[in-house]
Amino acid sequence: MFEKILIANRGEIAVRILRACKDLGIQTVSVYSTADKDAMHVKMADESVCIGPPQSKESYLNIPSIIAACEVSGAEAVHPGYGFLSENASFVEKLNAHNINFIGPKSDHIKTMGDKILAKKTAEKYGLPVIPGSNGEVKDFKDARSIARDIGYPIIIKASAGGGGRGMVVVRNEKELEESIKRAKSEADKSFDNDTVYIEKYLQNPKHIEVQIIGDNYGNMIHLGERDCSMQRRNQKLLEETPSKIINEKTRDYIGNLTVDALKKIKYSGAGTVEYLFENNEFYFMEMNTRLQVEHPVTEEITNFDLVKEQIRIASNSKLSKNQDDINFYGHSIECRVNAEDPESFMPSPGKVINFHAPGGPGVRVDSGCYSGITIPPYYDSMIAKLIVYGENRESCIARLERALEEFVVEGIKTTIPFYQKILKEESFLNGNYDIHWVENYMENI
Ligand code: ADP
């Protein structure tokens, strides 16, 4: 097992990883930008190293600075969290060249899954169902037109290098197509420095269902069930829950095993999530995230399985600690992403948190780097806390969520807490009857 780990991230996820390290008796090193000098992840670590100015490019994405921080601190491994360098294959290669372990999959798997076209082809080759669309890159309008005529409108144009819900253009009819292809390519080029796009059928009322897997370096792999992440706004997840109201045990086994079989064939190791759209009882592969996800705690709550500890164990070459038969699902869990944003307009609301009081009590977990007096910098993601609630069933979980949201106090900045309180009053949410377009089609119009 490692003796010292460097956490190449900030905010709640850095705190989450620090906690796992402490549970395992591992020494910790935090890195921080000058904007984060008073951050919780800096205070909690055994050592911390400043890696640059506020802009991510010059700090949390600055590979030479992070490698230098490993060398001065003597850290043997890096946990990248999510975002930043977590899906950067060249970072993994550079760490390995310096004899530093990366807590995550091999660089080849990051490369394959990070290119959405290649990921889709790989998924199809190994038996996962995919969304009908172009079989690879779409070069121009003519190319696009013939594919769109084949699969029928509406279609979605997606950037092969896309991520974070960006780089997607929906096209409703042929009249919009030429203009949309140009726009999608130019946006992809600007955002991701790569103008490769592809086309998929645009599903009208799907649920977003994803499967958590974890595998070791000896060919063992398990799945930990699904998460329903259909509560989204502009393709960004807001609330996640497990189990999904629409997935029964048989379907869970089916998609879990199918996912594990496919990933075993490519010898994947580490934690990962395969994201599917689910419509009319059919799954369609969308993409794979080769890292820990924001919403991993809901899975931990219902399986009693610590994903971060297991990631660390696997990276240090231990075998998976559990077999598929050891994994049981108990109760229900829901996570709300609390963002420093206006709850009506979703405009960012950084600034000083005058008072922060997290809810507690049975079945309530808050993963956050926030405390009274901290200043939320404007440079990074606006998520400041995750409220994760557990209940014996969905109803008791929702009741607890309501109680926890009421107890949650954040003063000085605006947060999305009131938005979740509004959602809890909606019949469609209470019935589990919502899809990926529900927030935009319904919540934003009431
Ligand atoms: P990203 O990597 O940017 O998160 P994804 O491919 O995971 O991109 O897609 C993000 C979201 O976009 C999905 O959760 C879904 O809401 C929507 N989406 C993507 N592809 C389709 C599609 N073919 N039809 C309908 N919605 C889609």
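Atom set for the values below is all heavy atoms of this structure, side chains included, hydrogens, waters and symmetry mates excluded. Every number for a ligand or one of its atoms is a count from 1 in the order of the listing.
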Checklist entry - Measuring from each atom of ligand 1, which residues have a heavy atom under 4.0 Å away? => result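 For ligand 1, the contacting residues are Lys116, Ile131, Ile156, Lys158, Gly163, Gly164, Gly165, Arg166, Met168, Glu200, Lys201, Tyr202, Leu203, His208, Gln232, Asn235, Glu275, Leu277, Met286, Glu287, Ile436.
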Checklist entry - Quick one: side chain to side chain donor-acceptor pair (under 3.5 Å) partners of Asn248, sequence neighbours excluded? => result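 Asn248 satisfies side chain to side chain donor-acceptor pair (under 3.5 Å) with Thr251 once adjacent residues are dropped.
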Checklist entry - Does a salt bridge link Arg365 with Glu301, judged by any charged N lying under 4.0 Å from a carboxylate O? => result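 A salt bridge links Arg365 with Glu301.
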Next on the checklist: A cation-pi test, strictly: NZ or CZ of Lys422 under 6.0 Å from the centre of the six-membered ring of Phe429 and no more than 45 degrees from its axis. Yes or no?
Outcome noted: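 No, cation not above the ring by the 6.0 Å, 45° rule.
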Item to check | Exercise: do Ser428 and Asn433 side chains pair donor with acceptor under 3.5 Å | outcome: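 No, no side-chain donor-acceptor pair sits under 3.5 Å.
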Item to check | Qualifying salt bridge (Lys or Arg N to Asp or Glu O under 4.0 Å) pairs with a residue from residues 234-246, counting only residues at least two apart or across chains | outcome: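 Those involving residues 234-246 are Glu210-Lys237, Lys237-Glu275, Lys237-Glu295, Glu240-Arg337, Glu241-Arg394.
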Item to check | Results of ring-ring contact (aromatic ring centres under 6.0 Å, His included) for Phe408 - residues two or more places apart only | outcome: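 By the ring-ring contact (aromatic ring centres under 6.0 Å, His included) rule, Phe408 matches Phe356.
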